[in-house]
Q: 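Once you've had a glance at the structure underneath, I'll fire off some questions.
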Amino acid sequence: MNPQNAPSPDYARRRAALAAHIGPHGVAVLPTSPERARNRDSDFLFRFDSYFYYLCGFTEPNAWLVVQGDGSSTLFCQPKDLERETWDGLRLGPEAAPSALGVSAAYAVGTIDQRLPALLDGADAVWYPFATHTGLETRIDGWLSGLRARARFGALVPEQVRDLCGPLDEMRLIKDAYEQTTMRRAAQISAEAHIRAMQRCARMLRDGQDVREFHLDAELLHEFRQQGSQYPAYSSIVAAGANACVLHYRADAAPVRSGELVLIDAGCELDGYASDITRTFPANGVFTGPQRALYDVVLAAQVASVDATRAGARFTDPHEAAVRVLSQGLLDLGLLDRSAVGNVDDVMEKRAYFPFYMHRTSHWLGMDVHDCGAYTEPAERGSAQVRKDAITGADIVNRPSRVLRSGMVLTLEPGLYVRPAPGVPEAFHHIGIRIEDDAIVTDAGCELISRGVPVEADAIEALMRG
Ligand code: GLY
Ligand code: MN
Ligand code: MN
């Protein structure tokens, strides 16, 4: 990835916004992700830390960023080293980093223990991300104790440690124009990958071939990489038939059979930004009656969730709208027995839909697929209410849900998952359906950025005939 793909002014503006938040005497310290061993001497593919990348766009491992409240910033990075670069690839190096990244200064990462205490000297608070990087607190403690050892020479040790996730989560929650553009592109690539997988599935079955989940996974990967995405944003789910009822199923080797549905939940990551799309389609291109009936309920639930998504609404509004439609659909199709569970309000009140719909409808989407950002409204955190959960009886603390604002990005992903159970009509057994799109909140509603792949049942059938 080329960090210069992103306009550098964005990073400078983000660092300036952070500096303003931590105040003139605050210091923020942030490492990128560690490299992780996979097996023996092979590492997992390196992926930078999202907070770190958000502030400087630097993609190499073994690096730290320090942002000071006066607006200056210091990068610690791997030094130039011809031998290491011959094996592992080019390094930017501290000499080139200030002009390439706009940071005020850069040093070799090996000097961080020696330099960090001086950067912390006189600060009122040191900010770092709590509970994110193993061993980070110990490193910070080491630098603070190094500074304390110099107290008799006039060094001043910060008196507060603060969680850097707080301000960065708030900043990342609202996507700027560059981020929205990148996310639209990521979603479009993913949409095209879904189309590719759907069409290959129908084509192989028409040709009498043995289709496996991995064939469809291969199509997704092909399209992601073909269009410049670096990697999937998360492990792709390609679930044939009953596997769709396993929420975190991974693409494996199960046969994809004519007459069954396939659920694909897959999205690419592009330049640090995730997409997250789910489509459920008939393997042979034609829904059966029960599949279509259930599919249309889930689609109607998604439409309701889309209608409930706009600036000023609460984060939970799309979920509640979707659950109402799903609950009504479960009653109408006889999956819930009206005489036992009552009407739609009773179903929602008792959470009787839960055996068929056990996850939430939305999550924030951004650099991380389950992106950072508070789900409660910061201004209203004091007004918590405790209620008893209808199923477990446990006390649940309800804090007012986040008010949606223009530029927030969330998924809308209702589903229904039908496992065999007493009273559940056999025609629906083992059907798992989820429909997931990515929405940018706008003042008037929301922009669905992942609709490059059809979602209506008729349109899916038409696509698969193609
Ligand atoms: N693909 C993960 C999710 O839908 O939340
Ligand atoms: Mn999702
Ligand atoms: Mn998903």
Side-chain angles (χ1 to χ4, degrees), residues 47 50 172-173 175 183-184 186-195 197-198 213 216-217 219-221 223-224 229-240 243-252 261-270 272-281 295 298-299 301-302 304-306 308-309 315-319 321-323 326 356-373 375 402 404 408-417 432-441 446-455 460:
R47 163 55 158 79
S50 296
R172 283 176 53 190
L173 198 45
K175 275 64 179 179
M183 292 186 74
R184 281 189 194 96
Q188 182 57 27
I189 295 171
S190 299
E192 288 170 32
H194 277 259
I195 289 176
M198 289 156 94
E213 291 164 341
L216 309 186
D217 192 28
E219 295 300 316
L220 298 166
L221 276 172
E223 196 66 24
F224 291 171
S229 145
Q230 288 78 14
Y231 18 70
Y234 52 91
S235 302
S236 301
I237 296 169
V238 180
N243 292 336
C245 295
V246 180
L247 296 181
H248 287 165
Y249 186 82
R250 298 282 152 79
D252 201 353
L261 292 177
V262 183
L263 183 155
I264 295 184
D265 181 346
C268 72
E269 180 175 315
L270 180 71
Y273 287 84
S275 51
D276 184 6
I277 303 181
T278 307
R279 288 291 182 268
T280 309
F281 58 91
Y295 187 91
V298 177
L299 183 58
Q302 203 212 29
S305 72
V306 171
T309 303
F315 174 79
T316 43
D317 288 349
H319 178 65
V323 165
L326 293 174
F356 306 102
Y357 185 47
M358 58 299 278
H359 60 78
R360 305 286 294 186
T361 302
S362 302
H363 54 79
W364 304 129
L365 181 71
M367 301 191 69
D368 300 314
V369 65
H370 295 165
D371 207 29
C372 62
Y375 286 96
R402 190 87 201 206
L404 298 179
M408 292 177 172
V409 183
L410 69 162
T411 61
L412 299 167
E413 49 176 308
L416 285 174
Y417 312 91
I433 294 169
R434 180 164 61 257
I435 302 172
E436 175 172 29
D437 281 289
D438 304 341
I440 302 178
V441 178
C446 66
E447 176 191 347
L448 295 176
I449 60 175
S450 48
R451 282 291 176 85
V453 52
V455 70
I460 287 176

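Both ligands and their constituent atoms are indexed starting at 1 by order of listing. Keep in mind the model is a prediction, meaning the values are calculated, not measured.
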Q: Inspect the contact between Arg402 and Asp317 and indicate whether a charged nitrogen and a carboxylate oxygen are less than 4.0 angstrom apart.
A: no
Q: Please confirm if an N, O or S atom belonging to His370, backbone or side chain, lies less than 2.8 Å from the Mn ion (ligand 2).
A: no
Q: Can you tell whether the side chains of Glu269 and Arg47 come within less than 4.0 Å, N to carboxylate O?
A: yes
Q: Write out each pair where an N or O from ligand 1 and one from the protein are under 3.5 Å apart, with the distance.
A:
| residue | atom | partner | partner atom | Å |
| --- | --- | --- | --- | --- |
| ligand 1 | 1 (N) | Asp265 | OD1 | 3.2 |
| ligand 1 | 1 (N) | Asp265 | OD2 | 3.2 |
| ligand 1 | 1 (N) | Asp276 | OD1 | 3.1 |
| ligand 1 | 4 (O) | Asp265 | OD2 | 3.2 |
| ligand 1 | 4 (O) | Asp276 | OD1 | 3.4 |
| ligand 1 | 4 (O) | Asp276 | OD2 | 3.2 |
| ligand 1 | 4 (O) | Glu413 | OE1 | 3.1 |
| ligand 1 | 4 (O) | Glu436 | OE1 | 3.3 |
| ligand 1 | 4 (O) | Glu436 | OE2 | 3.2 |
| ligand 1 | 5 (O) | His363 | NE2 | 3.0 |
| ligand 1 | 5 (O) | His370 | NE2 | 2.6 |

Q: So, are Arg184 and Glu447 salt-bridged, with charged N and O less than 4.0 Å apart?
A: yes
Q: Given atoms OE2 of Glu413 and OE2 of Glu436, what angle do they subtend at the Mn ion (ligand 2), to the nearest 10 degrees?
A: 80°
Q: Only N/O/S atoms count here: what is the atom of Asp276 closest to the Mn ion (ligand 3) called?
A: OD1
Q: Looking at Asp371 and Lys175, is any side-chain nitrogen of the basic one under 4.0 Å from a carboxylate oxygen of the acidic one?
A: yes
Q: Taking Thr280 for its side chain and Arg434 for its backbone only, find out whether a donor-acceptor pair lies under 3.5 Å.
A: yes
Q: Between Tyr417 and His359 (judged by ring centroids, cut-off 6.0 Å), do the two rings come close enough to count as a pair?
A: yes
Q: Between Arg172 and Asp368 (salt bridge meaning N to carboxylate O under 4.0 Å), is one present in this structure?
A: yes
